[in-house]
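What follows is a single structure, written as structure tokens, with notes after it.
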2 protein chains.
Amino acid sequence: MTERKPRKDAARNRAALLAAADDLFARCESPDDVTMSDVAAAAGVGKGTLFRAFGDRTALIRALYAARLEPLERAVAEGPPPLGPGTPAPERVPALLDAVLCFKLDHRHLALALEGAGADSPYQAEHYERWHGLLRSALAGVPGLADGDFAAHALLAAVRADLVEYLAGARGMGRDELRAHLAEFVRQVLAGP
Amino acid sequence: MTERKPRKDAARNRAALLAAADDLFARCESPDDVTMSDVAAAAGVGKGTLFRAFGDRTALIRALYAARLEPLERAVAEGPPPLGPGTPAPERVPALLDAVLCFKLDHRHLALALEGAGADSPYQAEHYERWHGLLRSALAGVPGLADGDFAAHALLAAVRADLVEYLAGARGMGRDELRAHLAEFVRQVLAGP
DNA sequence: ACGGAAAGCGGACCGACGGTCCGCATTTTA
DNA sequence: TAAAATGCGGACCGTCGGTCCGCTTTCCGT
């Protein structure tokens with residue numbers, strides 16, 4: 001194809017930029033406190049290099065997020081139960097949502113940065129469609145459940161990064177407490193007459 | 001108290017600014033397209049006046065939102081069933097959520113502007129607490145339902161402005177279709193064993 | 001009615017940010 | 001090793017939210 005492999009220094013700089021951005025987002029209170037100049041400086045690189053490597057701010061955050069999400073996506077795509085594809089639906093739905101919740105708890109800074117990036121993010125990020133489709137088809141396997149499409153959207157909305165941040169932060173909810181509440185809510189949704 | 005009533009021109013300008021902002025937000029594709037200078041100019045007023053009247057951008061949007069929300073809040077606080085306080089809980093919960101959904105559909109631009117305003121809005125807007133408390137206590141009146149606190153958060157998340165915008169816009173979901181899906185989802189949540 | 005004081009007005013101005021540009025350095029290739 | 005291709009860096013730009021301060025308008029006691 002028309003693919004050309006990147007130069008060695010370009011690859012090194014790209015990695016350094018990702019690492020620096022990750023570090024800065026993790027260290028700062030709000031994602032807005034991290035400027036593109038900050039990232040470039042922390043990576044020991046010029047701003048031009050940063051923009052050449054990623055295009056714009058949103059793309060940088062997306063790249064970071066995708067890198068961190070990859071292990072989870074692999075576990076879902078080809079891992080063992082209860083996340084992997086062989087799991088019976090009524091068991092997989094809560095497992096998927098719990099996994100997403102834990103991911104957002106573990107990477108709250110990144111998740112917040114991503115959802116606050118574009119105007120109507122996160123719904124224009126391609127991976128949202130993927131997760132929605134996944135959850136939707138899992139819901140379809142639960143007996144006595146109509147309208148899985150909307151339910152999938154609604155359940156994903158319950159683990160949005162800023163809600164999680166609010167509950168875990170301002171409301172002082174602990175990790176396990178939060179997980180239990182989510183599990184209970186999912187149970188309620190799945191329990192049909 | 002230490003309250004002083006505002007000067008006449010100040011009141012007039014404030015009203016003109018609110019009207020201009022409402023108009024601009026309604027007319028523009030994304031809330032970011034509306035700058036503070038735009039609002040001031042459309043109201044025929046200097047930027048200083050705008051900032052003197054509202055403090056900052058977030059406060060302006062909040063003031064606008066509060067003004068538009070007021071009829072709904074009155075209907076909930078003192079109106080007739082199924083929204084008003086005299087309604088039995090299992091009937092009031094879906095009514096409340098449907099009302100919020102319709103409000104966001106009717107004022108999508110404002111709602112989007114508000115939720116995209118601060119860093120972790122909408123959870124630092126005071127009216128969120130009010131709605132959550134309302135929904136929470138309504139849920140408490142539904143038999144066979146534990147953990148109403150988290151459920152209230154989750155249900156409110158299902159009617160977040162950007163999700164509504166995504167479903168109604170990019171996914172082409174019609175108003176009634178959306179309302180029906182939400183009603184069905186709420187029914188699922190309320191149906192306990 | 002009037003005059004001074006308080007309140008409000010407006011737009012030039014500021015600092016910061018995301019993003020661009022282009023002369024120079026480094027790497028790749030023949 | 002020389003030429004071509006790719007990448008680098010930081011000065012630079014346009015825009016935005018927000019501030020500031022000299023001037024105007026309104027208010028209120030007399």
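Fair warning: this is a prediction, and the values are worked out from it, not measured in the lab. Residue numbering restarts at 1 for every chain, and letters A, B, ... go by the order of the sequence lines.
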Near-strand residues of residues 11-30 of chain A, defined as heavy-atom separation under 4.0 angstrom from DNA chain D = A:Asn13

inquiry  = For a quick check under 3.5 Å, do B:Tyr123 and B:His132 share a side-chain donor-acceptor pair by atom type?
reply    = no

message = Rounded to whole Å, please give me the gap between CE in B:Met36 and P in D:dC16.
response = 12 Å

ask   = Can any side-chain N or O of A:Asp23 pair as donor or acceptor with the backbone N or O of A:Ala20 at less than 3.5 Å?
value = no

message = If you assign each of A:Lys8 and B:Arg7 to its closest nucleotide in DNA chain C, which residue comes earlier from the 5' end?
response = B:Arg7

key: Interface residues of residues 47-59 of chain A with DNA chain D (non-hydrogen, below 4.0 angstrom)   = A:Lys47, A:Gly48, A:Thr49, A:Arg52

inquiry  = Tell me if a side-chain donor or acceptor on A:Arg14 pairs with a main-chain N or O of A:Ala53 at a distance below 3.5 Å.
reply    = yes

key: Between C1' of C:dC17 and CG of A:Leu60, the distance in whole Å   = 15 Å

Under 3.5 Å donor-acceptor, B:Asp38 side chain and B:Thr35 backbone = yes

task = Calculate the interatomic distance between B:Asp32 atom CG and D:dC16 atom P; express it in whole Å.
result = 10 Å

request  = Could you work out which one of C:dG18, C:dG8, C:dG10 sits closest to the side chain of A:Thr35?
outcome  = C:dG18

query = Hey, is the main chain of A:Asp32 close enough, under 3.5 Å, to the side chain of A:Ser30 for a donor-acceptor pair?
reply = yes

Separation of D:dT26 C1' from B:Lys5 NZ (nearest whole Å) = 13 Å

ask   = Within the side chain of A:Gln188, is there an N or O that forms a donor-acceptor pair under 3.5 Å with the backbone of A:Phe185?
value = no

message = Closest-nucleotide mapping onto DNA chain D: is B:Asp33 or B:Asp9 further toward the 5' terminus? I mean the 5' end.
response = B:Asp33

message = Return whichever of A:Gly46 or B:Ser37 has its heavy-atom-nearest nucleotide of DNA chain D closer to the 5' end.
response = A:Gly46

query = Any donor and acceptor pair, going by atom type alone, linking the side chain of A:Arg92 with main-chain N or O of A:Gly84 inside 3.5 Å?
reply = yes

ask   = Any sub-3.5 Å donor-acceptor pair from B:Glu165's side-chain atoms to B:Asp162's backbone N or O?
value = no

ask   = Under 3.5 Å, side chain of A:Arg68 to main-chain N/O of A:His107, donor-acceptor pair present?
value = no

